[in-house]
2 protein chains.
Amino acid sequence: MVRPREFDEEQALDAAMRLFWEKGYEATSLSDLTSRMGIQRPSIYSAFGDKKELFESALRKYTKMHASQIRNKLQHNESVKEAFRSLFTGLVNDEYNQSPNKGCFCINTMVELAPHDEKFEILTREHQMYLSAIFQEALERAIHSGELTTNMNPKALAQTLVVSLIGLTVLLKSRPNRSFVDHSIETILTLLK
Amino acid sequence: MVRPREFDEEQALDAAMRLFWEKGYEATSLSDLTSRMGIQRPSIYSAFGDKKELFESALRKYTKMHASQIRNKLQHNESVKEAFRSLFTGLVNDEYNQSPNKGCFCINTMVELAPHDEKFEILTREHQMYLSAIFQEALERAIHSGELTTNMNPKALAQTLVVSLIGLTVLLKSRPNRSFVDHSIETILTLLK
DNA sequence: TTAATTTTGTACTGATCAGTATGTTATGTC
DNA sequence: GACATAACATACTGATCAGTACAAAATTAA
């Protein structure tokens, strides 16, 4: 190497991630990307490949970040029930306080690209499976500790919570009444007994 | 009027609906539309306005059709519990047997356009509210008839079912294991006691 | 048959798209 | 300090985008 990069790759990728997250794949142009990433077009291609490859890198960065956030929220809480409650209500608060509503990058990609691109079908599926596994671990901990006394399969319960989280995240994009989502969350949480 | 239309407007709109449903707004070009609708570009503009207006008409056609399908499924069944079960399992079967997975046009639009276009935020929200109202009516019927003996608010329950249906529809786009969705459905249906 | 009017098909518009060729600038090696 | 190398900025490529101008074709009214 003779001349060092003038930009920070991680920082540029982070900017791309936020843009794709906000606008999706098709609606984001290379011009949008160059201006938000603060670098020129050939720099993008040399550092990240073409638009699809950059998108994939951005999504991978997101899923790592997202999974770690969820893990933290589930671990840094005495009560597993309370952890799930604050996970759901936190999501609702976040989404109501931002405009436009970005939702979850992985879910957005599941809708936009997964049906037409197997790579993203797999990538998004694996993330949901991973979230489900994290949820399951937390539920099993709670059962073990006696906090949860359920006769339900923790795996099935975890899967249901993933489905509910997806449903809430998507529904929030239409900005329904708070009561709609609040009541839904309360009802879903009755499964944790 | 001097020269009659050579094409059937409803038929052309139906074709546009299916195309937007499958590919979304951005990924569908005017050239795609002309070839699938079987009419020329100026005919589209004179009959339906620009691309966004055509999309809106297509979505309205879809939500009408979708709502009526759901109504039928909930009414043409002795048992309300069974009706909900067959609604959920029917969705899963349909989605597994088609490629690419189209999901729900309204949900797709909620993800792609609602966060950036208030018109579609409202349109998609109203459809979900309507579905929730239909669900609630069915649940109240079941409570009245004695089929359902729950101490839960039927409204909250209906809203939760809407959230779950959205979550399942979106998750199916990543083609998870059957067991994942099957277990989720079973768990969700335990709310109907 | 003629005039008026609307739809049709073709071909075009300027803008924007993703991706790249090219020459300049900056750095490390010798 | 000369040379090799890689990143940089600019400007371009052909393709495609949404939308439209325009003239030919088709129909009804007179």
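The sequence lines fix the lettering, A, B, ..., with proteins before strands; numbering per chain opens at 1.
- Not counting sequence neighbours, B:Tyr96 has no partner by the side-chain hydrogen bond (donor to acceptor under 3.5 Å, both in side chains) test.
- Atom-to-atom, CD of B:Gln40 to P of C:dT10 comes out at 6 Å; the value is rounded to the nearest Å.
- Screening residues 123-162 of chain B for ring-ring contact (aromatic ring centres under 6.0 Å, His included) gives B:His66-B:His127, B:Phe84-B:Phe135 as the qualifying pairs, with residues at least two apart or on separate chains.
- For DNA chain C, none of the residues of residues 108-116 of chain A falls under the heavy-atom distance limit of 4.0 Å.
- Ionic pairing of B:Glu10 and B:Lys61 is present here: one or more N-O contacts between side-chain nitrogen and carboxylate oxygen are shorter than 4.0 angstrom.
- Atom-to-atom, CD of B:Glu6 to P of D:dT28 comes out at 12 Å; the value is rounded to the nearest Å.
- In this structure, the salt bridge (charged side-chain N to carboxylate O under 4.0 Å, His left out) partners of A:Arg18, at least two apart in sequence or on a different chain, are A:Asp14.
- Rounded to whole angstrom, the span from the CD1 atom of A:Ile39 across to the C1' atom of D:dA9 amounts to 13 Å.
- Of the charged side-chain nitrogens involved, at least one lies within less than 4.0 Å of a carboxylate oxygen, so that A:Glu56 and A:Arg60 count as a salt-bridged pair.
- Under a 4.0 Å N-O distance rule, the pair B:Glu26/A:Lys23 does not qualify as a salt bridge.
- Going from atom CD1 of A:Ile44 over to atom P of C:dT20 covers 13 Å, rounded to whole Å.
- For the pair B:Glu186 and B:Arg85, the salt-bridge criterion is met [side-chain N within less than 4.0 Å of a carboxylate O].
- Across residues 54-62 of chain B, not one residue has a non-hydrogen atom less than 4.0 Å from an atom of DNA chain D.
- When the salt bridge (charged side-chain N to carboxylate O under 4.0 Å, His left out) test is applied to B:Lys73, no partner is found at least two apart in sequence or on another chain.
- Cluster partners of B:Ile122: none. The rule joins Ile, Leu, Val, Met, Phe, Trp and Tyr whenever side-chain heavy atoms lie under 4.5 Å apart, and it links nothing here.
- Scanning for salt bridge (charged side-chain N to carboxylate O under 4.0 Å, His left out) contacts around B:Glu121 gives B:Arg125, with sequence neighbours left out.
- The stretch residues 15-22 of chain A does not touch DNA chain D, since none of its heavy atoms comes less than 4.0 Å from the strand.
- Partners of B:Arg36 by salt bridge (charged side-chain N to carboxylate O under 4.0 Å, His left out), not counting sequence neighbours, listed by chain and number: B:Glu22.
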Reading nucleotides 11-22 of chain D from the 5' end, what letters show protein touch, with B for base, S for backbone sugar-phosphate only, - for no heavy atom under 4.0 Å? ------SBBBB-
Sequence neighbours left out, cut at 3.5 Å: what donor-acceptor pairs do the side chains of residues 160-172 of chain A make with other protein atoms?
unit_1, atom_1, unit_2, atom_2, d
A:Thr160, OG1, A:Ala156, O, 2.7
A:Thr160, OG1, B:Thr187, OG1, 3.4
A:Ser164, OG, A:Thr160, O, 2.8
A:Thr169, OG1, A:Leu165, O, 2.7

